[in-house]
Amino acid sequence: KAMNGPTTRPTIAGKRSHSNSHTPQPKAGKSKDDFIWGDIIGEGSFSTVTLAWDKLPTSQPQSQPQPPLSSSPNRFISSIPSSTSSSSSISSHSIPPPKQSRIYAMKELSQAHIVKENKIKYVTIEKHALQLLNTDNSNGSSQLREHSHENIKHPNQRHPKRQKNEGSLGIIRLWMTFREGRSTYGGSDHLHNLAGDSLFFALEYAPNGELLSWIKKMGSFDEKSAKFYAAQTLSAIGFIHGRGVIHRDIKPENILLNSEMAIKVTDFGSAKILDQSTDAESNINEERSKSFVGTAEYVSPELLRDRSVGKECDFWALGCIIYQMITGKPPFKATNEYLTFQLIMKLEYSFPDNFPPVARDLVEKLLVLDPVDRLGSGEDGIEDIRNHAWFDDVDFQQIWNLDPPSIA
Ligand code: ATP
């Protein structure tokens with residue numbers, strides 16, 4: 001979970017790294033020593049996320065990260081009342097060092113922990129899904145290379161003339177992965193002897209934190225902001241589905257915001273990846289789908305009922321998020337998970353009187369118990385949601401080019 005601002009874990013690459021001099025590595029590639037390490041920015045159940053920068057080849061090794069900037073990391077931060085801006089992931093992290101050096105949110109997963117908790121599939125799916133979504137084309141030939149990012153030309157970059165795959169702009173980018181640790185390869189130890197290993201996912205850093213933090217800070221969003229973020233989320237979901245992936249855990253914690261306050265969907269560990277050649281689920285997902293539960297407040301009724309879901313579950317989650325942005329609270333929330341599930345199964349929620357009527361109509365069409373009747377489930381899929389009257393004044397073609405409204 002997100003940490004409250006910068007912390008004081010040792011941060012110097014040389015000090016934090018295992019010495020590699022006695023440790024044969026599996027392949028030539030990136031290692032921890034290739035990065036300058038900054039603050040921890042968050043922790044999950046199986047991971048720690050730390051800021052890291054490429055060491056510039058030309059620069060002298062830096063013994064210390066640069067001090068944090070005194071100013072906010074972007075112009076929108078200042079719109080948060082200072083009295084409330086000190087206690088969440090929105091607070092500014094160290095934004096230091098070398099100019100031209102790429103910044104990463106480096107997600108470290110302890111392999112021993114993953115194996116012990118039986119989460120290998122979770123990690124594998126996250127990587128696989130991000131690879132599918134991080135390509136320029138839709139035929140699955142990934143340009144993402146383990147241990148290397150040098151030759152990646154990725155669509156996830158702002159470009160005034162870009163036209164294709166704009167939805168990928170809404171997906172967190174995985175720059176590279178690498179593995180590092182104590183195990184030896186090809187010697188007496190075997191590949192499965194990975195007790196000291198960590199897996200690293202070098203993710204694009206989204207400095208403005210989670211959408212959830214913004215909803216909490218602001219209490220709720222005005223309709224304009226809610227619509228903008230709903231439209232970007234919808235666009236990202238459309239792209240994800242188009243690549244044969246169902247996210248299955250869309251929620252405001254998993255929607256991050258970059259420096260321009262555009263969304264970046266993350267956390268694909270619960271995703272379902274359709275086998276594009278056969279249109280059938282791969283085995284890895286079969287097993288995953290049986291064990292998947294998701295996050296109580298955003299779980300679709302079909303998952304609770306049948307324990308299986310299609311793409312419509314992401315539309316249900318979108319309905320929950322629109323409701324939450326406008327009211328400040330998710331539609332279904334009780335004191336415990338069981339009671340929350342009861343509310344969902346009974347579709348028991350209500351709108352406050354001041355809920356905008358057209359937005360209400362959309363939410364009511366998304367929060368439909370039977371996925372077959374849910375908006376977006378028809379032949380035209382996501383187009384039907386885009387065409388809803390609430391989005392009449394949204395230019396989806398430009399949704400990644402527009403300046404986000406200042407959240408109010
Ligand atoms: P869990 O695994 O328990 O569900 P999680 O999915 O939040 O938790 P991580 O993906 O490891 O776990 O993320 C931990 C925290 O780090 C997140 O809550 C988020 O605040 C922060 N974080 C993760 N990725 C990024 C990123 N790319 N940019 C900025 N912050 C990030």
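Counting from 1, the numbers follow the sequence of the chain as shown. Start at 1 and go down the list; that is how both ligands and their atoms are numbered.
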Within 4.0 Å of some non-hydrogen atom of Ser47, the atoms of ligand 1 are 9 (P), 11 (O), 12 (O)
Under the salt bridge (Lys or Arg N to Asp or Glu O under 4.0 Å) rule, what pairs show up with a residue in residues 340-352, not counting sequence neighbours?
Lys346-Glu348
Test of proximity, Glu210 against ligand 1: N or O pairs below 3.5 Å
yes
Under a 3.5 Å threshold, yes or no: a donor from one side chain and an acceptor from the other, between Gln324 and Tyr298?
yes
Can you find a side-chain donor-acceptor pair between Asn401 and Gln398 that sits under 3.5 Å?
yes
Should the ring pair Tyr349 and Tyr323 be called parallel, tilted or perpendicular, given that the plane angle runs from 0 to 90° and is split at 30 and 60?
perpendicular
Which of the atoms of ligand 1 are close to Tyr205, meaning less than 4.0 Å from one of its heavy atoms?
28 (N), 29 (C)
Which residue, Phe35, Trp37, Tyr205, forms the ring pair (Phe, Tyr, Trp, His ring centres under 6.0 Å) with Tyr104?
Phe35
Which of the atoms in ligand 1, numbered in the order shown and given with their element, are less than 4.0 Å from a heavy-atom of Lys107?
9 (P), 10 (O), 11 (O)
Test your reading of the structure: does Ala206 have an N or O sitting under 3.5 Å from an N or O of ligand 1?
yes
Numbering the atoms of ligand 1 from 1, which are under 4.0 Å from a heavy atom of Glu204?
26 (C), 27 (N), 28 (N)
Is there a nitrogen or oxygen of Asn254 sitting under 3.5 Å from a nitrogen or oxygen of ligand 1?
no
Does the residue Ile172 have a heavy-atom contact with ligand 1, meaning some pair of atoms that are separated by less than 4.0 Å?
yes
Show the atoms of ligand 1 that are less than 4.0 angstrom away from any heavy atom in Val49.
11 (O), 13 (O), 14 (C), 16 (O), 23 (C)
Residues two or more places apart in sequence or in another chain: which of them pass side-chain contact (heavy atoms from CB on, under 4.5 Å) with Asp222?
Lys224, Ser225, Ala408
Polar atom proximity, Ser45 to ligand 1 (N or O, under 3.5 Å)
yes
Check each atom of ligand 1 against the heavy atoms of Ala105 and keep those under 4.0 Å away; list them by number with element.
25 (C), 26 (C), 27 (N), 28 (N)
CE on Met176 to CG on Asp34, rounded to 0.5 Å:
8.5 Å
Does any N or O of ligand 1 fall below 3.5 Å from an N or O anywhere on Thr48, backbone included?
no
Whether Arg102 engages the ring of Trp53 as a cation-pi pair (distance to the six-membered ring centre under 6.0 angstrom, angle to the ring normal within 45°) should be assessed.
no
